Amino acid sequence: MNIRFRVWMPPIAVLIVLVAVLLVFAYGIPAARQRLEQRTQAVTLAQAAATADAITGEDHRAWQELLDLPEPDVAGQTSAEGERPGALRRSLDLYATAPRAEVRVVDREGDVVAREGARLFSPPPEMLRKAADGERFFERTEGLNVAVVPILYGGELAGGVVFATRHWEAVVYEPFLRSGLEAAVLASLIGGGLMFLLAVMLSRRVERLSSGARLIERGDLSHRIKPGFGDELGALAKTLNSMAANLEESFGRLAEKDATLGAILNNLSEGVAATDAQGNVVFANPAGRDMLGMGEDGAEIPSPWEDFD
C-alpha cells in the first residue's frame, strides 16, 4: 500500500512530541521527587539540630533547670510545681511554629521533659531511647517526617530532640506535579501543533518536488519547480530546474541540427536513402524518392547484385 508523505508525516511528528513528554514524566518527575525527598530529610534534620542548639545556646542554664522540672502535661505545659525557663520556652515555641510540627525534648533516661507544638504522634520507646543515647537519624512514619538529633551541653551528651512534621513536601510536590501535567498538556498541544504545521509544510514541498519531477519526466522541460526556502529541499528543486533547463537547451540544439540536416538533404540533387537491416527504406530525400519511384507506402532498395544472394 502506497501511503503518501503528507499522510504519515504529521502523525509521526505529533507522536514524537508525545513520546518526549512521556519520557520527561517517566524519568524527570521521579528524579525531581527523589531530590525533593532528600531535601525534606535535610531540612527536617536541620530544624531538629537548630532546636537542639537553641536549647543550650540561648540560656546555658536552661537545660539544667529543665531537668529539675516535673513531667509536662498533655498541653505541653508544666504543672504548678515548676515553671519552664523563658528562653527555652521561646526557643521551643519558635521551632514548633513549622507547619504542623511537634518538638519533644528527651533527657538521658529517655523521658520526655518538654514538648511544644501540635500533638502529632507518640514516639515509640525505642525512638526515645535512641534520642537519649544521642543517635541522629531520620525516618518517615504515620505520614510524618521525624528527625532525631542529640543535645550536647558543655561538650557532653545531655539528651536528644525528636522533631516531627507533616509531609510538607506533598504540598510542594502535588502542585508541582499538577503544574507539570498542565505544562505537559500545553507543550503537547503547542509542540504537536507546530510539528503538525511543519510536517504539512514539508509534505507540501515534497509533493511539489514529486509533481514537478513527474512533469519533467513526461517531457515538459519548460516546467520549473518553486524552490521555496534555501534548505536541502530548495537545493534539490534548484538542481531539478537546472537539469530541466540543460535538457531543454540540449534538445533545442538537437532540433536545430536536425532541421539544418533536413534542409541540406532536401536540397541535394543526389538521391540519399537510409534503410534498416531488412532493406526497408526508413528515410529518403526528395531526389532519392524520385529515383526509386517511392510512393507513400515506401519501397525497398533494388539489389545491385541480382545474381548474388
Side-chain angles (χ1 to χ4, degrees), residues 1-20 190-309:
M1 182 173 60
N2 185 17
I3 301 178
R4 290 182 176 271
F5 180 82
R6 67 169 58 188
V7 175
W8 64 262
M9 180 61 183
I12 291 296
V14 175
L15 180 62
I16 291 174
V17 174
L18 293 178
V19 169
I190 296 177
L194 291 176
M195 290 295 290
F196 183 83
L197 179 61
L198 179 61
V200 170
M201 292 175 60
L202 287 174
S203 65
R204 287 181 178 178
R205 296 182 66 193
V206 171
E207 185 68 21
R208 189 163 61 241
L209 286 171
S210 177
S211 177
R214 285 195 297 268
L215 289 174
I216 294 173
E217 178 191 15
R218 293 170 186 170
D220 187 4
L221 299 178
S222 62
H223 180 74
R224 297 293 181 268
I225 304 172
K226 294 181 180 179
F229 302 103
D231 54 4
E232 288 82 356
L233 292 178
L236 178 59
K238 291 179 180 179
T239 301
L240 291 175
N241 290 337
S242 177
M243 180 186 69
N246 292 334
L247 288 174
E248 185 178 21
E249 183 179 357
S250 298
F251 286 145
R253 288 197 299 267
L254 288 176
E256 291 177 359
K257 291 180 179 179
D258 184 66
T260 302
L261 181 59
I264 293 173
L265 291 175
N266 290 335
N267 292 320
L268 285 176
S269 58
E270 292 82 0
V272 178
T275 67
D276 58 15
Q278 285 74 35
N280 298 318
V281 177
V282 295
F283 171 80
N285 65 349
R289 286 178 178 275
D290 293 340
M291 293 176 183
L292 297 175
M294 293 177 56
E296 295 297 331
D297 297 334
E300 293 185 0
I301 296 294
S303 175
W305 309 104
E306 296 181 358
D307 298 335
F308 292 90
D309 204 358

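Index from 1, following the sequence. Bear in mind the structure is a predicted one, so any value in this text is a computation, not a measurement.
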> State whether a side-chain donor-acceptor pair under 3.5 Å links Asn241 with Thr239.
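Their side chains do not contain a donor-acceptor pair, so the 3.5 Å distance test is not met.
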> For the residue pair Arg208 and Arg205, establish whether any side-chain heavy-atom pair is separated by less than 4.5 Å.
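The answer is yes; the side chains approach within 4.5 Å.
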> How close do Ser222 and Glu248 get, heavy atom to heavy atom, and via which atoms?
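Looks like CB-OE2, 3.9 Å.
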> For the side chain of Asn285 and the backbone of Ile264, is there at least one donor-acceptor N/O pair under 3.5 Å apart?
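Checked: no pair found.
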> Would you call Leu202 and Leu233 a side-chain contact if the rule is heavy atoms closer than 4.5 Å?
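With C-beta onward as the side chain, the pair touches.
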> Testing the basics here: between Leu265 and Pro286, what is the closest heavy-atom pair and its distance to 0.1 Å?
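Here Leu265 and Pro286 meet closest at O-CD, 4.4 Å.
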> Would you find a donor on one side and an acceptor on the other, under 3.5 Å apart, between the side chain of Ser210 and the backbone of Val206?
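A pair under 3.5 Å: no.
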> To the nearest 0.5 Å, tell me how far Ile216 CD1 sits from Arg218 CZ.
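CZ of Arg218 is found 12.0 Å from CD1 of Ile216.
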> At their closest point, which heavy atom of Ser269 faces which heavy atom of Met291, and how far apart are they?
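The answer is O-CE, 3.8 Å.
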> Within a 6.0 Å radius of atom CZ on Phe283, are there more than 12 heavy atoms belonging to other residues, nucleotides or ligands?
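Result for CZ/Phe283: enclosed.
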> Which heavy atom of His223 sits nearest a heavy atom of Ala244, and at what distance?
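Reported closest heavy-atom pair: O-CB, 4.3 Å.
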> Please name the pair of heavy atoms, one in Pro227 and one in Ala237, separated by the smallest distance, quoted to 0.1 Å.
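Looking at all heavy atoms of both residues, the closest pair is CA-CB, 3.7 Å.
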> Could you go through the side chain to side chain donor-acceptor pair (under 3.5 Å) check for Thr260 and Asp258 one step at a time?
CA-CA 5 Å; Thr260 302; Asp258 184 66; over 6 Å; no
> Quick one: pull up CG in Leu254 and CG in Leu261 and give me the separation to the nearest 0.5 Å.
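Nearest 0.5 Å value for the CG-CG distance: 12.0 Å.
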> Could you check whether any side-chain N or O of Asp220 sits under 3.5 Å from a backbone N or O of Leu215, counting only pairs where one atom can act as donor and the other as acceptor?
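No, because the side chain of Asp220 does not come within donor-acceptor range (under 3.5 Å) of the backbone of Leu215.
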